[in-house]
Amino acid sequence: MGGIFFLHTMPLLFERTTIALGNSHALLPGEHFQSAYLTNDIDRACQLFAEQLGVASFQRLEGEIPSGGHIRVELAWVGSVMYELMQTTDSVERVYASQPQPDDQFTLVHHHLGYVASDRQQWDQILASAQTNGFEIAYRNRTEGFLEVCFIYVPWLPHYLEYFLLEPAGQSFLQDVPKNPLV
């Protein structure tokens, strides 16, 4: 595998650089493509994103969390950034420990920035960088034929760093997430 899993449909306004592999302290070498939020009312979060931010089309993904609990995710592209809204119930995963508790008050909190590794070598480099820096890999999972994913906890950041190693089916899935028009 390798390469970028989607094409930019608009010219980039800023020249960007990449971090060379082999930098044992580089935890940000992947393609940053996602901002994610955790909520206690995903329908309301989607409504707010639609009405106030112009993100009208989402793609739903939901299911059981391997260690227990349920997750619902809504995904939407806006330009070159994917927005992810998440709600979990009965999750025992620590990575969702910041889950807002259901009550009468709506909450929406930033949860993670998402990065995609270009290939297995870069994926291994990211995991090695986390270990070198003493950062915890708070969650790791592999869905055969689809993707590998992990959340890295950097104690001085207010959010997780999530990394993906995509297989062709995972690339295709993310490519098919609704692309909202830039207005």
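Position 1 is the first residue of the sequence; numbering continues from there. Because the structure is predicted, anything quoted here is derived from the model rather than measured.
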Between Asn40 and Thr107 (side chain of the first, backbone of the second, donor and acceptor by atom type, cut-off under 3.5 Å), is there such a pair? yes
Between Gln87 and Ile42 (side chain of the first, backbone of the second, donor and acceptor by atom type, cut-off under 3.5 Å), is there such a pair? yes
Give the minimum heavy-atom separation between Ala56 and Ala50, together with the two atoms involved. CA-CB, 4.0 Å
Side chains of Val81 and Tyr83 in contact at under 4.5 Å (non-hydrogen atoms): yes
Could you state the interatomic distance from CZ (Arg60) to SG (Cys46), rounded to the nearest 0.5 Å? 7.5 Å
Looking at His32 and Gln34, would you say the former's side chain and the latter's main chain have a donor-acceptor pair under 3.5 Å? yes
Are the side chains of Met86 and His112 in touch, meaning some heavy atoms are under 4.5 Å apart? yes
Leu147 and Phe173, any side-chain heavy atoms less than 4.5 Å apart: no
Can you name the nearest heavy-atom pair linking Val177 to Gln59, along with the distance? CA-OE1, 3.4 Å
Do His70 and Ile65 come close enough that some side-chain heavy atom pair is under 4.5 Å? no
Should Glu62 and Val73 be marked as a side chain to side chain contact (heavy atoms under 4.5 Å, CB included) after you check the CA-CA gap, both sets of side-chain angles, and the distance that decides it? CA-CA 6 Å; Glu62 65 182 314; Val73 173; over 6 Å; no
Evaluate the side-chain proximity of Met82 to Leu75: yes if any heavy-atom separation is below 4.5 Å, no if none is. yes
To the nearest 0.5 Å, atom CG of Asn180 lies from atom CZ of Phe49 at 11.0 Å
Pairwise side-chain contact, Val109 with Tyr37, heavy-atom cut-off 4.5 Å (strictly under): no
Check the pair Val154, Leu161 against side chain to side chain contact (heavy atoms under 4.5 Å, CB included), reporting the backbone distance first and the verdict last. CA-CA 8 Å; Val154 178; Leu161 301 175; 3.9 Å; yes
Tell me whether the rings of Tyr160 and Phe151 are parallel (<30°), tilted (30 to 60°) or perpendicular (>60°). perpendicular
Smallest separation among heavy atoms of Ala117 and Leu165, with atom names: O-CD1, 4.2 Å
May I have the step-by-step check of salt bridge (Lys or Arg N to Asp or Glu O under 4.0 Å) for Arg120 and Glu148, ending in yes or no? CA-CA 10 Å; Arg120 173 65 59 185; Glu148 285 186 61; 2.5 Å; yes
Glu84 and His111: side chain donor to acceptor below 3.5 Å: no
Val116 vs Gln122, test: side chain to side chain contact (heavy atoms under 4.5 Å, CB included). Steps then yes/no. CA-CA 9 Å; Val116 64; Gln122 191 175 48; over 6 Å; no
How long is the span from the CD atom in Gln47 to the CZ atom in Arg44, to the nearest 0.5 Å? 7.5 Å
Heavy-atom check, side chain of Tyr115 versus side chain of Phe33, under 4.5 Å: no
In Å and rounded to the nearest 0.5 Å, what is the OG to CD distance from Ser80 to Glu31? 7.5 Å
Rounded to the nearest 0.5 Å, how far apart are CG of Leu127 and CD1 of Ile152? 6.0 Å
Measure the spacing between CZ of Phe135 and OG of Ser129 and express it to the nearest 0.5 Å. 9.5 Å
Student check: side-chain heavy atoms of Gln121 and Trp123 closer than 4.5 Å: no
Measure across Leu113 and Ser35 and return the closest heavy-atom pair with its distance rounded to 0.1 Å. CD2-OG, 3.5 Å
Taking every heavy atom of Gly69 against every heavy atom of Glu64, the minimum-distance pair comes out as O-OE1, 2.9 Å
Please list, chain by chain and in numerical order, all residues satisfying side chain to side chain contact (heavy atoms under 4.5 Å, CB included) with Glu136, sequence neighbours excluded. Arg94, Ala138, Tyr153
Looking at every heavy atom in both Ser57 and Ala76, which two are closest together, and how far apart are they? O-CB, 3.2 Å
